[in-house]
Amino acid sequence: MEPIAVIDFETTGISPGQQGRATEIAAVLVEDGHIVARYQSLMNAGVSVPPFIEALTGISTRMLREAPPAAQVMREVAAFVGDTPLVAHNAAFDQKFWDAELARIGLARRQAFACSMLLSRRLLPDAPNHKLGNLTAWAQLPVTGQAHRALADAEMAANLTTYLLDQLQTRHRVAAPTHSLLCALQRVPKARVGEFLRQQPGKSAPCRSR
DNA sequence: TGCCAGGCCCTCTTTAGGGCCTT
């Protein structure tokens, strides 16, 4: 599969705007199932961190005061990612902040987002739920650090995405899944996932027992 | 004044409602 960039934001709220700004971002580049590069930074958008968010993330207003400006961080992470296709867990959330923070510095997103949460709902229906931390534990993937910090969550989402790609290849015998396939799969109604996967071209031969 | 995210997904649904998931 082509390289992908998995990103994760920490923010002051649930939606961009006056009450919602990014406080931290991480991006990891994944090639051939391995994380090959990492970017992580707190960012100072001139906002205060609500007590609930500080308790959740450990990120305080004082930490942000000492962080580089949000505009500088977004320019750096946008350059780090380039045109690499994007992935995030519950990508609708991260996409909103990615687009909003880029717009503040006059930039626009150039690539599509795939969502590891929508994909896990389709490919891991037996999981007890689809929270990132719980999926990581359920699939016995590595614990990458403190949950609700951007780099740890981005690495967990990257590991989960690699796991989902492995499921596509070994369980569903899709020979060469692409980011475009992930974007299409996440929009397929759950009841039609099996039919969709059976129709994929380039499937490898069925496994034969010895 | 009152509201305050929003798309996905399931079901005791479809002329709707509520939980999930992200911070």
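Predicted model, so just to flag it, every value in this text is computed and none were measured. Residue numbers start from 1 in every chain, and the chains themselves are labelled A, B, ... in the order their sequence lines are given, proteins ahead of strands.
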Verdict with supporting geometry, Arg21(A) and Glu101(A), side chain to side chain contact (heavy atoms under 4.5 Å, CB included):
CA-CA 8 Å; Arg21(A) 290 297 305 272; Glu101(A) 294 292 345; 2.9 Å; yes

Spacing of [X] atom [atom1] relative to [N] atom [atom2], expressed in whole Å:
X	N	atom1	atom2	value
Met156(A)	dC21(B)	CE	C1'	14 Å
Arg192(A)	dC10(B)	CZ	P	14 Å
Lys96(A)	dT22(B)	NZ	C1'	8 Å
Leu135(A)	dC21(B)	CG	P	8 Å
Arg122(A)	dC20(B)	CZ	P	18 Å
Asp99(A)	dG6(B)	CG	P	14 Å
Arg149(A)	dT22(B)	CZ	C1'	17 Å
Met117(A)	dG19(B)	CE	P	16 Å

Give me the distance, rounded to whole Å, that separates [N] from [M] when you measure between the [atom1] atoms they each carry.
N	M	atom1	value
dA16(B)	dT23(B)	P	32 Å
dC4(B)	dG18(B)	P	14 Å
dC12(B)	dG19(B)	P	14 Å
dC3(B)	dC8(B)	C1'	23 Å
dG2(B)	dC9(B)	P	36 Å

Under 4.0 angstrom, heavy atoms only, what part of the nucleic acid is [X] near: base, sugar-phosphate, or nothing?
X	value
Thr23(A)	nothing
Asp8(A)	sugar-phosphate
Asn134(A)	nothing

Minimum heavy-atom separation for Pro16(A) to Phe97(A), with atom names?
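Closest pair (atom of Pro16(A), atom of Phe97(A), distance): N-CZ, 3.5 Å.
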
Reckon [X] has a side-chain N or O less than 4.0 Å from the OP1 or OP2 of [N]?
X	N	answer
Lys131(A)	dT22(B)	no
His148(A)	dT23(B)	yes
Arg187(A)	dC8(B)	no

Under a 4.0 Å threshold between the charged nitrogen and the carboxylate oxygen, would Glu195(A) count as salt-bridged to Arg192(A)?
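Between Glu195(A) and Arg192(A) there is a salt bridge, with a charged N closer than 4.0 Å to a carboxylate O.
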
Is Arg149(A) reaching over with its side chain to a backbone N or O of Leu151(A), donor-acceptor style, under 3.5 angstrom?
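Side chain of Arg149(A) to backbone of Leu151(A), a donor-acceptor pair under 3.5 Å: no, none is there.
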
Greater than 12 external heavy atoms within 6.0 Å of Lys96(A)'s NZ:
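Yes.
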
For the residue pair His148(A) / Thr57(A), report whether a side-chain donor-acceptor contact shorter than 3.5 Å exists.
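No donor-acceptor contact under 3.5 Å links the two side chains.
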
Looking at the side chain of Asn90(A), which of dC21(B), dC8(B), dT23(B) is the nearest nucleotide?
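Among the listed nucleotides, the one closest to the side chain of Asn90(A) is dC21(B).
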
Taking for each residue the nucleotide of DNA chain B bearing the nearest heavy atom, is the 5' side occupied by Phe9(A) or by Lys190(A)?
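In this pair, the answer is Lys190(A).
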
Whichever of Gly133(A) and Leu118(A) has its nearest DNA chain B nucleotide further upstream toward 5':
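Closest to the 5' end, via its nearest nucleotide, is Leu118(A).
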
